[in-house]
There are 2 protein chains.
Amino acid sequence: MHTNGDHVCFCPIKGVIDVISKKWALLIVNAIGNEGPLRFNKIMDALHSISPKTLSDTLKDLVAEGLLKRTSFAEIPPRVEYSLTKDGEDFRHAIIPLLEWAASRNNHCGRKCVPIYRSLSAHRIKRTERKF
Amino acid sequence: MHTNGDHVCFCPIKGVIDVISKKWALLIVNAIGNEGPLRFNKIMDALHSISPKTLSDTLKDLVAEGLLKRTSFAEIPPRVEYSLTKDGEDFRHAIIPLLEWAASRNNHCGRKCVPIYRSLSAHRIKRTERKF
DNA sequence: CGGTATCCGAACCGATACTG
DNA sequence: CAGTATCGGTTCGGATACCG
């Protein structure tokens, strides 16, 4: 086992599992990928029903992983934006086939789109990113 | 699949997150994808340090999701094999870019493969499946 | 061989209230 | 606006022992 400060890591695939296994991580990356830099409360809206604590926790993880960048502007009222890093962009493109696959299983196990989700960009993907 | 203008809905993404968020699911699918049908104890070896309970739980989930097929042979001693279904094969190919991405981050956060893991096929991708 | 049964601690995640 | 503090419920996953 490889240790690095307070991190304990096995190998990269374990790292990626830690990232993607978070309930909201893929949705956040996808939402920012679709819409560009987003503010905290915009992400709250985009994800629909995530709590501020959980969003805060997940954003910190994603920033720590180097997938998101947090930019705060010295304004009143304060403004903070989250955007994808280069690594985050790469990651986002790496998960697109997985999202496509998920979409193609629409009818599996009764998992269908419900209208409230259909309107949320976090649950969709820009057609310009698709190969078909 | 539900479409809406230039987006496609990814409500099923919730389903896929349930699958991939399991700690060992990607490794199991990858191992069987690399090696073909595997028996219970072979998967135990391939994953190195998973407990029988956790493996059993995860296999059941993957079978229920339609990604794996469980085949038991009426022999003494008993023999059971787990193989990828068509859906499982599709899934496996859908995650390859993600695994490639993970592998390319080798040096991020000090996450490197250590020899014991490097020798486990669950942590590798068959070169014939790779595009380069 | 291919699992279960049991127990347990840790991690995850939501609700709510509050703050610089 | 962009979070933090607190609490508590649920799920996850590991250790170990045992079973058909």
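Chain identifiers are assigned alphabetically (A, B, ...) following the order of the sequence lines, protein sequences preceding nucleic acid strands; residue numbering begins at 1 within each chain.
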Output the rounded distance in Å from [atom1] ([X]) to [atom2] ([N]).
X     : N      : atom1 : atom2 : value
B:L55 : D:dG14 : CG    : C1'   : 13 Å
A:F40 : D:dT4  : CZ    : P     : 8 Å
A:R39 : D:dG3  : CZ    : P     : 10 Å
A:I28 : D:dG3  : CD1   : P     : 12 Å

Any A:L84 side-chain heavy atom under 4.5 Å of A:L68 side chain: yes
Would you say B:I20 and A:L98 make side-chain contact, with heavy atoms under 4.5 Å? yes
Classify the nucleic acid contact of A:K60 as base, sugar-phosphate or nothing, counting any heavy atom under 4.0 Å across all strands shown. sugar-phosphate
May I ask you to say what A:Y82 touches in the nucleic acid, namely base, sugar-phosphate or nothing, with a heavy-atom cut-off under 4.0 Å? sugar-phosphate
My understanding is that only residues two or more places apart in sequence, or in another chain, count here; which of them pass side-chain contact (heavy atoms from CB on, under 4.5 Å) with [X]?
X     : value
A:D90 : A:K86, A:D87, B:W101
B:K42 : B:L38, B:R39
B:P37 : B:E81, B:S83

Could you tell me which non-hydrogen atom of [X] sits nearest to which non-hydrogen atom of [Y], and how far apart they are?
X     : Y     : value
B:A25 : B:V19 : CB-O, 3.5 Å
A:W24 : A:L47 : CZ3-O, 3.7 Å
B:S72 : B:R70 : CB-NH1, 3.9 Å
B:K23 : A:I17 : O-CD1, 3.6 Å
B:V29 : B:G88 : CG1-O, 4.4 Å

5' to 3' contact window, DNA chain C with chain B (heavy-atom distance under 4.0 Å): C:dC1 to C:dC7
Show me the donor-acceptor pairs within less than 3.5 Å that the side chains of residues 55-62 of chain B make with the rest of the protein, sequence neighbours left out.
{"from": "B:D57", "atom 1": "OD2", "to": "B:K53", "atom 2": "NZ", "distance (Å)": "3.0"}
{"from": "B:T58", "atom 1": "OG1", "to": "B:T54", "atom 2": "O", "distance (Å)": "2.8"}
{"from": "B:D61", "atom 1": "OD2", "to": "B:K22", "atom 2": "NZ", "distance (Å)": "2.7"}

To the nearest 0.5 Å, how far apart are OG1 in A:T85 and CG in A:L67? 5.5 Å
Euclidean distance, B:I28 CD1 relative to B:R92 CZ, rounded to 0.5 Å: 14.5 Å
What protein N or O atoms touch nucleotides 10-13 of chain D N or O atoms at under 3.5 angstrom, if any, and at what distances?
{"from": "D:dG13", "atom 1": "OP1", "to": "B:K23", "atom 2": "N", "distance (Å)": "2.8"}
{"from": "D:dG13", "atom 1": "N7", "to": "B:K53", "atom 2": "NZ", "distance (Å)": "3.1"}

Could you write out each protein N or O paired with an N or O of nucleotides 17-20 of chain D at a distance under 3.5 Å?
none

Please report how far the helix from C:dC1-D:dG20 to C:dG20-D:dC1 bends, comparing the axis fitted to its first five pairs with the axis fitted to its last five, to the nearest 10 degrees. 60°
